[in-house]
Amino acid sequence: MLSIVAVTVLAVVVFALPLGIAVQRLYRAEAVSALQEDATRVAASVPDTLTGDSLSASGKRLLATVASTSIGVYDMPGHRIAGAGPARSGLAERFGAAQVRSGIEGSDLVVIAPIPSDQHTVGSVRAAEPFSVVTMRVYRAWATMAVLAAAAIAIAAVIAWRQAVRLAAPLERLTRDARALGDGDFTVRSGRFGVREADAASQALQDTAAHLGRLLARERSFTSDVSHQLRTPLTALRVGLESAITRPGADPVAALRDALDRSEHLSAIVADLDSLRSQPGFAPTPVDAAALLAEAGARWEQPLMTRDRRLAIAMEPDLSRFLAPPAAIRQILDVLISNALWHGEGTVTLSAREDAGRIAIEVSDEGPGLPAGVPELADGPDGHGRGLPLARSLAGAAGGSLELRHASPAPVFSLSLPTAGDVTQSAGRSSKR
(Lines give C-alpha, C1' and ligand atoms only; values in the text may rest on other atoms or scores of the structure.)
Protein backbone atom coordinates (compact mmCIF):
# COMPACT_ATOMS: atom_id res chain seq x y z
CA MET A 1 0.00 0.00 0.00
CA LEU A 2 2.71 2.50 0.99
CA SER A 3 4.63 1.79 -2.18
CA ILE A 4 1.62 2.66 -4.35
CA VAL A 5 1.06 5.94 -2.47
CA ALA A 6 4.78 6.78 -2.67
CA VAL A 7 4.83 6.19 -6.42
CA THR A 8 1.73 8.37 -6.80
CA VAL A 9 3.28 11.21 -4.79
CA LEU A 10 6.49 10.98 -6.80
CA ALA A 11 4.55 11.07 -10.06
CA VAL A 12 2.53 14.09 -8.88
CA VAL A 13 5.68 15.95 -7.86
CA VAL A 14 7.51 15.11 -11.08
CA PHE A 15 4.62 16.34 -13.24
CA ALA A 16 3.40 19.20 -10.99
CA LEU A 17 6.67 21.15 -10.73
CA PRO A 18 7.23 21.71 -14.47
CA LEU A 19 3.50 22.16 -14.96
CA GLY A 20 3.41 24.87 -12.27
CA ILE A 21 6.31 26.71 -13.91
CA ALA A 22 4.60 26.41 -17.28
CA VAL A 23 1.34 27.81 -15.85
CA GLN A 24 3.22 30.79 -14.36
CA ARG A 25 4.85 31.57 -17.69
CA LEU A 26 1.56 31.09 -19.53
CA TYR A 27 -0.36 33.53 -17.36
CA ARG A 28 2.42 36.13 -17.62
CA ALA A 29 2.51 35.69 -21.39
CA GLU A 30 -1.27 36.13 -21.54
CA ALA A 31 -1.07 39.31 -19.44
CA VAL A 32 1.74 40.70 -21.61
CA SER A 33 -0.24 39.87 -24.75
CA ALA A 34 -3.31 41.71 -23.44
CA LEU A 35 -1.20 44.74 -22.47
CA GLN A 36 0.47 44.75 -25.91
CA GLU A 37 -2.92 44.77 -27.59
CA ASP A 38 -4.11 47.72 -25.49
CA ALA A 39 -0.85 49.64 -25.92
CA THR A 40 -0.62 49.23 -29.69
CA ARG A 41 -4.28 50.13 -30.13
CA VAL A 42 -3.84 53.36 -28.17
CA ALA A 43 -0.50 54.13 -29.89
CA ALA A 44 -2.19 53.96 -33.26
CA SER A 45 -4.71 56.63 -32.24
CA VAL A 46 -2.29 59.12 -30.62
CA PRO A 47 -1.31 62.14 -32.86
CA ASP A 48 2.31 62.87 -33.72
CA THR A 49 2.38 66.13 -31.71
CA LEU A 50 2.47 64.98 -28.10
CA THR A 51 0.79 67.76 -26.18
CA GLY A 52 -2.22 67.50 -23.97
CA ASP A 53 -4.13 69.81 -26.29
CA SER A 54 -3.11 67.92 -29.36
CA LEU A 55 -4.70 64.65 -28.18
CA SER A 56 -8.02 64.32 -29.81
CA ALA A 57 -11.17 63.82 -27.86
CA SER A 58 -11.42 60.32 -29.26
CA GLY A 59 -7.91 59.49 -28.01
CA LYS A 60 -8.76 60.71 -24.53
CA ARG A 61 -11.92 58.64 -24.53
CA LEU A 62 -9.87 55.61 -25.56
CA LEU A 63 -7.50 56.18 -22.67
CA ALA A 64 -10.41 56.48 -20.31
CA THR A 65 -12.30 53.38 -21.53
CA VAL A 66 -9.44 50.91 -21.00
CA ALA A 67 -10.38 50.26 -17.38
CA SER A 68 -8.55 46.94 -16.90
CA THR A 69 -5.10 48.48 -17.36
CA SER A 70 -3.29 51.67 -16.55
CA ILE A 71 -2.42 53.44 -19.88
CA GLY A 72 -0.40 56.59 -20.27
CA VAL A 73 1.27 58.54 -23.11
CA TYR A 74 4.93 59.46 -22.63
CA ASP A 75 7.41 61.57 -24.58
CA MET A 76 10.87 60.39 -25.50
CA PRO A 77 12.51 61.50 -22.20
CA GLY A 78 9.89 59.41 -20.40
CA HIS A 79 7.63 62.11 -19.01
CA ARG A 80 3.93 61.38 -18.82
CA ILE A 81 1.90 63.65 -21.11
CA ALA A 82 -1.54 62.11 -20.67
CA GLY A 83 -3.28 59.14 -19.13
CA ALA A 84 -2.43 57.18 -15.98
CA GLY A 85 0.88 56.08 -14.65
CA PRO A 86 3.93 57.48 -12.91
CA ALA A 87 5.04 61.03 -13.79
CA ARG A 88 8.24 59.65 -15.22
CA SER A 89 8.82 56.14 -16.60
CA GLY A 90 12.27 54.70 -16.96
CA LEU A 91 10.99 51.96 -19.28
CA ALA A 92 9.32 54.54 -21.53
CA GLU A 93 12.63 56.46 -21.75
CA ARG A 94 14.62 53.26 -22.42
CA PHE A 95 12.28 51.46 -24.87
CA GLY A 96 10.44 54.41 -26.40
CA ALA A 97 12.23 54.30 -29.74
CA ALA A 98 12.35 50.50 -29.96
CA GLN A 99 9.77 47.89 -30.78
CA VAL A 100 7.07 46.82 -28.36
CA ARG A 101 8.83 45.72 -25.17
CA SER A 102 7.70 44.46 -21.76
CA GLY A 103 9.18 44.57 -18.29
CA ILE A 104 8.64 45.12 -14.58
CA GLU A 105 8.48 48.65 -13.23
CA GLY A 106 7.78 49.08 -9.57
CA SER A 107 4.90 46.72 -8.75
CA ASP A 108 3.51 46.74 -12.29
CA LEU A 109 3.86 44.55 -15.33
CA VAL A 110 4.51 47.08 -18.12
CA VAL A 111 4.37 47.04 -21.92
CA ILE A 112 5.88 49.96 -23.91
CA ALA A 113 4.58 50.54 -27.46
CA PRO A 114 6.24 53.29 -29.59
CA ILE A 115 4.05 55.98 -31.19
CA PRO A 116 4.91 55.91 -34.87
CA SER A 117 5.54 59.07 -36.95
CA ASP A 118 6.43 59.72 -40.56
CA GLN A 119 10.10 60.31 -39.82
CA HIS A 120 10.82 59.13 -36.27
CA THR A 121 9.26 57.95 -33.04
CA VAL A 122 7.86 60.82 -31.05
CA GLY A 123 6.90 59.00 -27.87
CA SER A 124 5.40 55.83 -26.46
CA VAL A 125 2.33 54.39 -24.84
CA ARG A 126 2.79 52.68 -21.49
CA ALA A 127 0.25 49.94 -20.61
CA ALA A 128 0.59 48.53 -17.11
CA GLU A 129 -1.17 46.07 -14.85
CA PRO A 130 -0.39 45.36 -11.19
CA PHE A 131 1.91 42.34 -11.07
CA SER A 132 -0.07 41.07 -8.07
CA VAL A 133 -3.02 40.43 -10.38
CA VAL A 134 -0.91 38.05 -12.49
CA THR A 135 0.56 36.51 -9.35
CA MET A 136 -2.90 35.95 -7.89
CA ARG A 137 -4.02 34.15 -11.03
CA VAL A 138 -0.94 31.92 -10.84
CA TYR A 139 -1.58 31.22 -7.15
CA ARG A 140 -5.19 30.26 -7.89
CA ALA A 141 -4.02 27.89 -10.63
CA TRP A 142 -1.43 26.41 -8.30
CA ALA A 143 -4.06 25.97 -5.59
CA THR A 144 -6.32 24.17 -8.05
CA MET A 145 -3.41 21.93 -9.08
CA ALA A 146 -2.62 21.24 -5.42
CA VAL A 147 -6.24 20.24 -4.73
CA LEU A 148 -6.24 17.94 -7.76
CA ALA A 149 -2.89 16.46 -6.69
CA ALA A 150 -4.19 15.85 -3.17
CA ALA A 151 -7.32 14.26 -4.62
CA ALA A 152 -5.18 12.03 -6.86
CA ILE A 153 -3.04 10.98 -3.89
CA ALA A 154 -6.15 10.33 -1.78
CA ILE A 155 -7.71 8.24 -4.55
CA ALA A 156 -4.45 6.32 -4.91
CA ALA A 157 -4.39 5.72 -1.15
CA VAL A 158 -7.97 4.42 -1.19
CA ILE A 159 -7.25 2.16 -4.18
CA ALA A 160 -4.04 0.92 -2.53
CA TRP A 161 -5.91 0.19 0.71
CA ARG A 162 -8.66 -1.70 -1.09
CA GLN A 163 -6.09 -3.60 -3.14
CA ALA A 164 -4.14 -4.46 0.01
CA VAL A 165 -7.32 -5.74 1.68
CA ARG A 166 -8.23 -7.66 -1.48
CA LEU A 167 -4.81 -9.32 -1.57
CA ALA A 168 -4.48 -9.85 2.18
CA ALA A 169 -7.78 -11.74 2.56
CA PRO A 170 -6.85 -14.65 0.24
CA LEU A 171 -3.33 -14.81 1.67
CA GLU A 172 -4.72 -15.10 5.19
CA ARG A 173 -7.16 -17.78 4.02
CA LEU A 174 -4.37 -19.69 2.26
CA THR A 175 -2.22 -19.45 5.40
CA ARG A 176 -5.02 -20.89 7.55
CA ASP A 177 -5.65 -23.68 5.04
CA ALA A 178 -1.95 -24.52 4.84
CA ARG A 179 -1.72 -24.72 8.65
CA ALA A 180 -4.84 -26.88 8.77
CA LEU A 181 -3.35 -29.16 6.13
CA GLY A 182 -0.16 -29.39 8.17
CA ASP A 183 -2.26 -30.39 11.20
CA GLY A 184 -3.81 -33.26 9.23
CA ASP A 185 -7.06 -31.67 8.07
CA PHE A 186 -7.53 -32.76 4.45
CA THR A 187 -10.97 -31.16 4.03
CA VAL A 188 -9.49 -27.95 2.59
CA ARG A 189 -11.84 -26.33 0.08
CA SER A 190 -10.69 -23.91 -2.57
CA GLY A 191 -12.01 -20.36 -2.37
CA ARG A 192 -12.68 -17.86 -5.11
CA PHE A 193 -11.19 -14.42 -4.40
CA GLY A 194 -11.25 -12.79 -7.82
CA VAL A 195 -7.43 -12.82 -7.92
CA ARG A 196 -6.17 -15.24 -10.53
CA GLU A 197 -2.94 -16.16 -8.73
CA ALA A 198 -4.68 -16.59 -5.36
CA ASP A 199 -7.44 -18.70 -6.96
CA ALA A 200 -4.81 -20.91 -8.63
CA ALA A 201 -2.91 -21.33 -5.34
CA SER A 202 -6.14 -22.15 -3.49
CA GLN A 203 -7.10 -24.76 -6.08
CA ALA A 204 -3.61 -26.28 -5.95
CA LEU A 205 -3.82 -26.43 -2.15
CA GLN A 206 -7.20 -28.19 -2.34
CA ASP A 207 -5.86 -30.67 -4.91
CA THR A 208 -2.84 -31.32 -2.71
CA ALA A 209 -5.05 -31.85 0.35
CA ALA A 210 -7.29 -34.25 -1.56
CA HIS A 211 -4.28 -36.14 -2.92
CA LEU A 212 -2.69 -36.42 0.52
CA GLY A 213 -6.02 -37.54 1.96
CA ARG A 214 -6.32 -40.27 -0.67
CA LEU A 215 -2.72 -41.34 -0.07
CA LEU A 216 -3.24 -41.51 3.68
CA ALA A 217 -6.51 -43.42 3.30
CA ARG A 218 -4.85 -45.81 0.89
CA GLU A 219 -1.91 -46.33 3.26
CA ARG A 220 -4.27 -46.97 6.16
CA SER A 221 -6.35 -49.37 4.09
CA PHE A 222 -3.21 -51.09 2.86
CA THR A 223 -1.91 -51.45 6.42
CA SER A 224 -5.24 -52.89 7.59
CA ASP A 225 -5.42 -55.29 4.66
CA VAL A 226 -1.83 -56.38 5.20
CA SER A 227 -2.58 -57.16 8.83
CA HIS A 228 -5.45 -59.38 7.65
CA GLN A 229 -3.21 -60.97 5.03
CA LEU A 230 -0.54 -61.85 7.57
CA ARG A 231 -2.91 -63.02 10.28
CA THR A 232 -3.79 -66.34 8.58
CA PRO A 233 -0.22 -67.66 8.08
CA LEU A 234 0.75 -66.44 11.54
CA THR A 235 -2.22 -68.29 13.02
CA ALA A 236 -1.30 -71.44 11.09
CA LEU A 237 2.29 -71.16 12.30
CA ARG A 238 1.18 -70.79 15.91
CA VAL A 239 -1.32 -73.65 15.65
CA GLY A 240 1.34 -75.93 14.18
CA LEU A 241 3.80 -75.17 16.95
CA GLU A 242 1.18 -75.53 19.69
CA SER A 243 0.10 -78.87 18.18
CA ALA A 244 3.68 -80.13 18.15
CA ILE A 245 4.05 -79.18 21.80
CA THR A 246 0.74 -80.57 23.09
CA ARG A 247 0.33 -83.66 20.87
CA PRO A 248 1.87 -86.82 22.36
CA GLY A 249 4.52 -88.43 20.19
CA ALA A 250 4.80 -85.45 17.83
CA ASP A 251 8.00 -85.22 15.83
CA PRO A 252 9.68 -81.93 16.86
CA VAL A 253 11.95 -81.95 13.82
CA ALA A 254 8.97 -82.16 11.47
CA ALA A 255 7.20 -79.42 13.44
CA LEU A 256 10.24 -77.16 13.23
CA ARG A 257 10.62 -77.88 9.51
CA ASP A 258 6.95 -77.03 9.01
CA ALA A 259 7.38 -73.84 11.06
CA LEU A 260 10.41 -72.91 8.96
CA ASP A 261 8.41 -73.41 5.76
CA ARG A 262 5.60 -71.25 7.11
CA SER A 263 8.05 -68.53 8.17
CA GLU A 264 9.52 -68.52 4.69
CA HIS A 265 5.98 -68.15 3.34
CA LEU A 266 5.47 -65.22 5.68
CA SER A 267 8.74 -63.67 4.51
CA ALA A 268 7.63 -64.06 0.89
CA ILE A 269 4.28 -62.40 1.69
CA VAL A 270 6.05 -59.47 3.36
CA ALA A 271 8.42 -59.11 0.39
CA ASP A 272 5.53 -59.17 -2.08
CA LEU A 273 3.51 -56.64 -0.13
CA ASP A 274 6.52 -54.38 0.26
CA SER A 275 7.16 -54.48 -3.50
CA LEU A 276 3.48 -53.73 -4.19
CA ARG A 277 3.55 -50.74 -1.82
CA SER A 278 5.55 -48.76 -4.38
CA GLN A 279 4.71 -48.19 -8.03
CA PRO A 280 7.56 -50.33 -9.44
CA GLY A 281 5.96 -53.33 -7.72
CA PHE A 282 3.05 -53.04 -10.14
CA ALA A 283 5.19 -53.29 -13.25
CA PRO A 284 3.31 -55.86 -15.39
CA THR A 285 5.21 -58.80 -16.91
CA PRO A 286 4.04 -61.81 -18.97
CA VAL A 287 3.04 -64.59 -16.55
CA ASP A 288 2.48 -68.29 -17.25
CA ALA A 289 -0.89 -69.18 -15.69
CA ALA A 290 -0.01 -72.88 -15.35
CA ALA A 291 3.22 -72.14 -13.46
CA LEU A 292 1.51 -69.61 -11.21
CA LEU A 293 -1.34 -71.98 -10.30
CA ALA A 294 1.10 -74.83 -9.71
CA GLU A 295 3.11 -72.58 -7.36
CA ALA A 296 -0.05 -71.61 -5.47
CA GLY A 297 -1.11 -75.26 -5.23
CA ALA A 298 2.29 -76.20 -3.78
CA ARG A 299 1.97 -73.48 -1.13
CA TRP A 300 -1.52 -74.47 -0.01
CA GLU A 301 -1.66 -78.22 -0.54
CA GLN A 302 -0.18 -79.03 2.87
CA PRO A 303 -2.39 -76.60 4.87
CA LEU A 304 -5.46 -78.07 3.15
CA MET A 305 -4.33 -81.63 3.84
CA THR A 306 -4.01 -80.89 7.55
CA ARG A 307 -7.76 -80.14 7.52
CA ASP A 308 -8.56 -83.19 5.43
CA ARG A 309 -9.18 -81.01 2.38
CA ARG A 310 -7.97 -81.42 -1.19
CA LEU A 311 -6.75 -78.94 -3.78
CA ALA A 312 -7.42 -79.48 -7.49
CA ILE A 313 -6.06 -77.58 -10.49
CA ALA A 314 -7.94 -77.51 -13.81
CA MET A 315 -6.72 -75.54 -16.83
CA GLU A 316 -7.44 -75.32 -20.51
CA PRO A 317 -4.56 -76.50 -22.70
CA ASP A 318 -2.26 -73.95 -24.42
CA LEU A 319 -3.31 -70.96 -22.35
CA SER A 320 -1.84 -67.61 -23.37
CA ARG A 321 0.34 -65.73 -20.95
CA PHE A 322 -1.38 -62.91 -19.11
CA LEU A 323 0.15 -59.54 -18.32
CA ALA A 324 0.27 -58.62 -14.60
CA PRO A 325 2.68 -58.16 -11.68
CA PRO A 326 3.29 -61.70 -10.32
CA ALA A 327 3.49 -60.49 -6.70
CA ALA A 328 -0.02 -59.03 -6.89
CA ILE A 329 -1.51 -62.20 -8.41
CA ARG A 330 0.16 -64.37 -5.75
CA GLN A 331 -1.35 -62.27 -2.99
CA ILE A 332 -4.81 -62.35 -4.60
CA LEU A 333 -4.71 -66.14 -4.89
CA ASP A 334 -3.49 -66.44 -1.29
CA VAL A 335 -6.45 -64.36 -0.09
CA LEU A 336 -8.96 -66.44 -2.05
CA ILE A 337 -7.48 -69.80 -1.09
CA SER A 338 -7.11 -68.71 2.56
CA ASN A 339 -10.81 -67.83 2.72
CA ALA A 340 -11.68 -71.17 1.09
CA LEU A 341 -9.46 -72.96 3.64
CA TRP A 342 -10.89 -71.34 6.75
CA HIS A 343 -14.50 -70.73 5.75
CA GLY A 344 -15.17 -73.21 2.94
CA GLU A 345 -15.64 -76.96 2.70
CA GLY A 346 -14.59 -79.80 0.46
CA THR A 347 -12.22 -79.54 -2.45
CA VAL A 348 -10.68 -76.18 -3.35
CA THR A 349 -10.42 -75.87 -7.12
CA LEU A 350 -8.08 -73.59 -9.03
CA SER A 351 -9.03 -73.20 -12.69
CA ALA A 352 -7.89 -71.07 -15.58
CA ARG A 353 -9.49 -70.44 -18.97
CA GLU A 354 -9.15 -67.99 -21.82
CA ASP A 355 -12.10 -65.94 -23.04
CA ALA A 356 -12.14 -63.03 -25.52
CA GLY A 357 -8.50 -62.05 -25.07
CA ARG A 358 -8.55 -62.35 -21.28
CA ILE A 359 -7.45 -65.02 -18.82
CA ALA A 360 -9.98 -65.89 -16.10
CA ILE A 361 -8.52 -67.51 -12.98
CA GLU A 362 -11.20 -68.91 -10.66
CA VAL A 363 -11.06 -70.16 -7.07
CA SER A 364 -14.00 -72.20 -5.77
CA ASP A 365 -14.86 -74.61 -3.00
CA GLU A 366 -17.83 -76.77 -2.01
CA GLY A 367 -18.89 -74.81 1.07
CA PRO A 368 -22.10 -72.85 1.73
CA GLY A 369 -20.60 -69.53 0.60
CA LEU A 370 -20.75 -66.13 2.19
CA PRO A 371 -23.27 -65.55 5.00
CA ALA A 372 -26.45 -63.67 4.12
CA GLY A 373 -26.14 -59.90 4.30
CA VAL A 374 -22.38 -59.79 3.77
CA PRO A 375 -21.41 -57.40 0.94
CA GLU A 376 -19.46 -58.87 -1.94
CA LEU A 377 -15.66 -58.57 -1.71
CA ALA A 378 -15.83 -57.07 1.78
CA ASP A 379 -14.78 -58.17 5.24
CA GLY A 380 -17.66 -59.98 6.92
CA PRO A 381 -18.32 -61.20 10.45
CA ASP A 382 -16.23 -64.00 11.99
CA GLY A 383 -13.45 -63.40 9.44
CA HIS A 384 -15.52 -64.18 6.35
CA GLY A 385 -14.09 -62.40 3.33
CA ARG A 386 -10.97 -61.36 5.19
CA GLY A 387 -8.50 -59.70 2.82
CA LEU A 388 -10.97 -59.42 -0.07
CA PRO A 389 -10.79 -55.56 -0.18
CA LEU A 390 -7.00 -55.86 -0.55
CA ALA A 391 -7.41 -58.48 -3.28
CA ARG A 392 -9.88 -56.29 -5.15
CA SER A 393 -7.59 -53.24 -4.99
CA LEU A 394 -4.58 -55.32 -6.09
CA ALA A 395 -6.57 -56.69 -9.03
CA GLY A 396 -7.52 -53.18 -10.15
CA ALA A 397 -3.94 -51.94 -9.78
CA ALA A 398 -2.73 -54.94 -11.83
CA GLY A 399 -5.03 -53.99 -14.73
CA GLY A 400 -7.62 -56.68 -14.06
CA SER A 401 -10.77 -57.19 -12.03
CA LEU A 402 -11.99 -59.47 -9.26
CA GLU A 403 -15.62 -60.45 -8.87
CA LEU A 404 -17.76 -62.97 -7.01
CA ARG A 405 -19.21 -64.91 -9.93
CA HIS A 406 -21.30 -67.22 -7.74
CA ALA A 407 -22.06 -66.48 -4.09
CA SER A 408 -23.60 -69.64 -2.62
CA PRO A 409 -23.54 -72.48 -2.41
CA ALA A 410 -20.08 -73.37 -3.76
CA PRO A 411 -18.78 -69.81 -4.08
CA VAL A 412 -16.70 -68.96 -7.16
CA PHE A 413 -14.32 -65.99 -7.26
CA SER A 414 -13.12 -64.99 -10.72
CA LEU A 415 -9.98 -62.95 -11.44
CA SER A 416 -9.90 -61.55 -14.99
CA LEU A 417 -6.60 -60.37 -16.53
CA PRO A 418 -5.62 -59.26 -20.05
CA THR A 419 -3.48 -61.59 -22.12
CA ALA A 420 0.05 -60.45 -22.90
CA GLY A 421 -0.55 -60.61 -26.65
CA ASP A 422 -3.72 -58.54 -26.46
CA VAL A 423 -2.03 -55.77 -24.46
CA THR A 424 1.00 -55.76 -26.76
CA GLN A 425 -1.16 -55.46 -29.89
CA SER A 426 -3.22 -52.64 -28.32
CA ALA A 427 -0.04 -50.75 -27.45
CA GLY A 428 1.26 -51.25 -31.00
CA ARG A 429 -1.94 -49.85 -32.52
CA SER A 430 -1.79 -46.84 -30.19
CA SER A 431 1.83 -46.09 -31.15
CA LYS A 432 0.98 -46.27 -34.87
CA ARG A 433 -1.81 -43.78 -34.39
Side-chain angles (χ1 to χ4, degrees), residues 265 268-269 272 276 281-305 307-370 376-377 385 387-388 390-430:
H265 183 205
I269 291 176
D272 284 346
L276 293 174
F282 283 94
T285 57
V287 180
D288 185 352
L292 190 68
L293 293 186
E295 178 188 347
R299 285 198 310 272
W300 288 96
E301 184 177 13
Q302 184 61 34
L304 284 167
M305 288 180 61
R307 297 174 65 90
D308 295 328
R309 305 275 298 279
R310 192 172 68 88
L311 187 141
I313 298 177
M315 289 184 296
E316 293 181 354
D318 302 326
L319 280 177
S320 301
R321 290 172 174 261
F322 61 86
L323 197 66
I329 307 305
R330 282 196 296 268
Q331 294 306 312
I332 295 171
L333 291 179
D334 283 352
V335 168
L336 299 179
I337 298 173
S338 173
N339 274 278
L341 169 65
W342 293 101
H343 307 293
E345 297 177 2
T347 301
V348 177
T349 302
L350 302 181
S351 62
R353 55 186 174 82
E354 186 172 353
D355 183 19
R358 298 182 73 83
I359 299 296
I361 299 176
E362 296 181 345
V363 178
S364 61
D365 65 80
E366 299 171 348
L370 295 178
E376 294 184 2
L377 303 179
L388 288 180
L390 173 63
R392 179 176 54 185
S393 63
L394 290 178
S401 62
L402 177 64
E403 63 177 356
L404 179 60
R405 195 165 64 85
H406 188 266
S408 61
V412 178
F413 290 90
S414 179
L415 172 64
S416 177
L417 298 163
T419 62
D422 182 66
V423 173
T424 304
Q425 292 172 6
S426 298
R429 287 194 297 270
S430 298

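Heavy atoms only: backbone and side chains are in, while hydrogens, waters and symmetry mates are out.
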Just grab all the salt bridge (charged side-chain N to carboxylate O under 4.0 Å, His left out) pairs involving residues 404-415, residues at least two apart or on different chains. E362-R405
What residues, two or more places apart in sequence or in another chain, satisfy side chain to side chain contact (heavy atoms under 4.5 Å, CB included) together with Q302? M305, T306
List for me each residue that meets side-chain hydrogen bond (donor to acceptor under 3.5 Å, both in side chains) alongside E354, sequence neighbours excluded, and say none if there are none. S320
For A312, which residues count as a side chain to side chain contact (heavy atoms under 4.5 Å, CB included) partner, sequence neighbours excluded? R310, T347, T349
Quick check: closest heavy atoms across L350 and A296, and the distance to 0.1 Å? CD1-CB, 4.2 Å
Closest heavy-atom pair, G369 versus S408, reported as atoms and distance to 0.1 Å, is CA-CB, 3.9 Å
What one should report as the nearest heavy-atom pair of S414 and A360 is OG-CB, 4.2 Å
Any donor and acceptor pair, going by atom type alone, linking the side chain of R309 with main-chain N or O of V348 inside 3.5 Å? no
Got F413 and N339 here, is their nearest side-chain heavy-atom distance under 4.5 Å? no
Drop me the distance from E316's CD to I359's CD1, to the nearest 0.5 angstrom. 8.0 Å
Using only atom types and a distance under 3.5 Å, with no angle test, would you say the side chain of S351 pairs donor to acceptor with the backbone of A314? no
Quick one: do L333 and L292 satisfy side chain to side chain contact (heavy atoms under 4.5 Å, CB included)? Show the steps, please. CA-CA 10 Å; L333 291 179; L292 190 68; 4.2 Å; yes
side-chain hydrogen bond (donor to acceptor under 3.5 Å, both in side chains) involving E295 - partner list, sequence neighbours excluded: R299
Distance (rounded to the nearest 0.5 Å) between L311 CG and W300 CH2: 10.5 Å
Nearest 0.5 Å, please: how far is CG in L388 from CG in L336? 6.5 Å
Minimum heavy-atom distance A294-I313, with the two atoms named: CA-CD1, 4.1 Å
Who are the side chain to side chain contact (heavy atoms under 4.5 Å, CB included) partners of P286, not counting sequence neighbours? R321, L323, A420
Pairing residues for A395 by the side chain to side chain contact (heavy atoms under 4.5 Å, CB included) criterion, not counting sequence neighbours: I332, L402, L415
Between CD1 of I337 and CH2 of W342, what distance do you get to the nearest 0.5 Å? 14.5 Å
Please name all residues satisfying side-chain hydrogen bond (donor to acceptor under 3.5 Å, both in side chains) with S416, sequence neighbours left out, ordered by chain then number. R358
For P303 versus L341, what's the shortest heavy-atom pair and its separation? O-CD1, 3.9 Å
Might you work through the side chain to side chain contact (heavy atoms under 4.5 Å, CB included) test for I329 and L417, ending with a clear yes or no? CA-CA 10 Å; I329 307 305; L417 298 163; 3.6 Å; yes
